[in-house]
Amino acid sequence: MSALLNRRSLVVGGLLAALVYPFLVPNDYFIYVMALAFIYAIAAVGLNLILGYTGQLNLAHAGFMAIGAYAVGIMTVDYGVPYWLAFFLAGIITAAIGALAGIVSLRLRHDYFAIFTLCVGIIIWLVIEKWDSLTHGVVGIIGIPAPTGIGPIRFESTLAQYYLVLAMLILALFVMDRIVHSLLGRAFVAIRNGEALAESLGVPLMRTKVTAFVISVTYAGYAGALYAGFVRFLGPAIASEANAFDMIAFILVGGLGTLSGPVLGAVILTWATQSLQFLQDYRLLIYGPLLILLVMFMPKGLIGTIKVRQAREEGARAAEARAKAAATDERASAHA
């Protein structure tokens, strides 16, 4: 019960902090950076499903985010498709390509799967960079329209777009929470804990892994679609392997296999990157060792470490309560 109350209080506290954040910062730049962190958090939540809950390392995740972003950019700029229709179709396109890639790649296991997806990510990046007639090549796509209004609500200002991204992040977390606490989510965790054991329990390995992969890349696609409407410019760099490794770092810092970990990691590392921009390329000399130290001393991430400590404290309190109850019984029997 105490753990449930702590979780609810953290959720409510985090939501309230996100809601009032724009009124506590001096200018739109801080709002812009936080919204960007939330967009990457949506993609990281999706990656966490295949990595943290299913145990499969997908190094093409940034490529699938780029597919969603470029789908919106191409449809809105080149073909005049309304933003929200392009947004909806971007997720479907990403899921369809992800299903094809998953069916092929998930026949491999462990390191071979990771290497294969790394190659897939590089292929996506090369297609974006070289297919000038479709993706505009290295020039990129300029002038992507912002999300159109919904009824009386308009998304022209940075503040309005911040709350739109926040609403999408809350929806993404809600859906992911329902998934991971369902029977399907338990099947994902069973595969992570041991594929042979999961198969012996009747879990269809290939179908379940492909399902996890498709859901994961769909999150990346919708994050990319939001990114396109928020930044309004796209270049091949969004599909780079560096972007994929950044999202893995978000998960490792926040907590692998936790719902809120990728969000916390995305916020911390996005702001850390922005704070070290003045160092230019030398910022990696500080950024890298800090990540290594964090992984060494907090291997379960920030949220994972907190959960472990809470579990230990609850276990200690339960053991103390049992010891007191046993002592009371002994005294009662002695008096009798």
Side-chain angles (χ1 to χ4, degrees), residues 10 13-15 17-18 21-22 24-25 29-53 57-66 69 114 118 121 162 165-166 168-170 172-173 176 216 219-220 222-224 226-227 230-231 235 237-307:
L10 285 173
L15 179 58
Y21 170 81
L24 302 176
V25 294
Y29 168 76
F30 293 89
I31 301 174
Y32 176 88
V33 173
M34 187 61 79
L36 197 62
F38 288 165
I39 291 172
Y40 277 108
I42 295 173
V45 167
L47 179 59
N48 192 40
L49 179 67
I50 192 70
L51 175 59
Y53 287 98
L57 177 57
N58 174 21
L59 295 177
H61 203 68
F64 288 103
M65 182 177 175
L118 177 62
Y162 168 87
V165 172
L166 176 60
M168 291 293 184
L169 175 60
I170 293 170
L173 288 170
M176 188 60 70
S216 173
Y219 267 68
Y222 280 123
L226 272 178
Y227 179 90
F230 183 71
V231 177
I238 188 177
S240 67
E241 66 277 7
N243 207 10
F245 285 114
D246 282 344
M247 285 186 272
I248 294 172
F250 297 159
I251 297 172
L252 293 178
V253 169
L256 192 66
T258 63
L259 275 174
S260 54
V263 179
L264 182 61
V267 170
I268 290 174
L269 292 185
T270 299
W271 276 108
T273 302
Q274 292 296 320
S275 301
L276 296 174
Q277 284 292 344
F278 69 95
L279 295 175
Q280 299 182 359
D281 293 339
Y282 295 103
R283 71 183 185 275
L284 296 177
L285 295 176
I286 299 175
Y287 187 57
L290 287 176
L291 283 178
I292 293 172
L293 290 172
L294 185 62
V295 171
M296 285 176 60
F297 293 103
M298 303 180 74
K300 294 185 180 296
L302 296 172
I303 300 297
T305 302
I306 292 171
K307 285 186 174 182

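What you see below is based on every heavy atom in this structure, not just the backbone, and it leaves out hydrogens, waters and symmetry mates. All values derive from a computational prediction rather than experimental measurement.
Paired with Tyr32 under the rule ring pair (Phe, Tyr, Trp, His ring centres under 6.0 Å), one option of Tyr162, Phe230, Phe38, Trp271 passes, and it is Phe230.
Within the model, atoms CG of Asn243 and CD of Glu241 stand 10.0 Å from one another, a figure rounded to the nearest 0.5 Å. A distance of 10.0 Å separates CD1 of Ile170 from CD1 of Ile42, quoted to the nearest 0.5 Å. Atom CE of Met176 is separated from atom CG of Leu259 by 7.5 Å, given to the nearest 0.5 angstrom. To the nearest 0.5 Å, atoms CD1 (Ile39) and CE (Met34) are separated by 12.5 Å. Distance check: Phe250 CZ to Leu47 CG gives 10.5 Å after rounding to the nearest 0.5 Å. In this structure, CG on Leu252 lies 9.5 Å from CG on Asn48, to the nearest 0.5 angstrom.
With sequence neighbours excluded, the residues forming a side chain to side chain contact (heavy atoms under 4.5 Å, CB included) with Val263 are Ala41, Val45, Leu169, Leu173, listed by chain and number. Remark: Tyr21 engages no residue in a side chain to side chain donor-acceptor pair (under 3.5 Å) (not counting sequence neighbours). Contacts of Leu59 classified as side chain to side chain contact (heavy atoms under 4.5 Å, CB included), with partners at least two apart in sequence or in another chain: Leu57, Ala114, Thr117, Leu118, Phe245, Ile248. The ring pair (Phe, Tyr, Trp, His ring centres under 6.0 Å) check on Tyr53 picks up nothing, with sequence neighbours excluded. The ring pair (Phe, Tyr, Trp, His ring centres under 6.0 Å) check on Tyr227 picks up nothing, with sequence neighbours excluded. By the ring pair (Phe, Tyr, Trp, His ring centres under 6.0 Å) test, Tyr40 is found to be paired with no residue, residues two or more places apart in sequence or in another chain being considered.
Closest approach of Ala43 to Met65, counting heavy atoms only: CB-SD, 4.1 Å. Ala60 approaches Gly121 most closely through the heavy-atom pair CB-N, 3.6 Å. Listed here is the closest heavy atom pair of Ile50 and Ser216: CG2-OG, 3.5 Å. For Val165 against Ala35, the heavy-atom pair with the smallest separation is CG1-O, 3.6 Å. Between Pro262 and Thr258, the shortest heavy-atom contact is CD-O, 3.2 Å. The two residues Ala239 and Ala66 come nearest to each other via the heavy atoms CB-CB, 3.6 Å.
A 4.5 Å side-chain heavy-atom check between Asp246 and Leu269 finds every atom pair outside the cut-off. Val33 is listed as a side-chain neighbour of Thr270, based on a closest heavy-atom distance under 4.5 Å.
The distance between the ring centers of Phe64 and Tyr219 does not fall below 6.0 angstrom.
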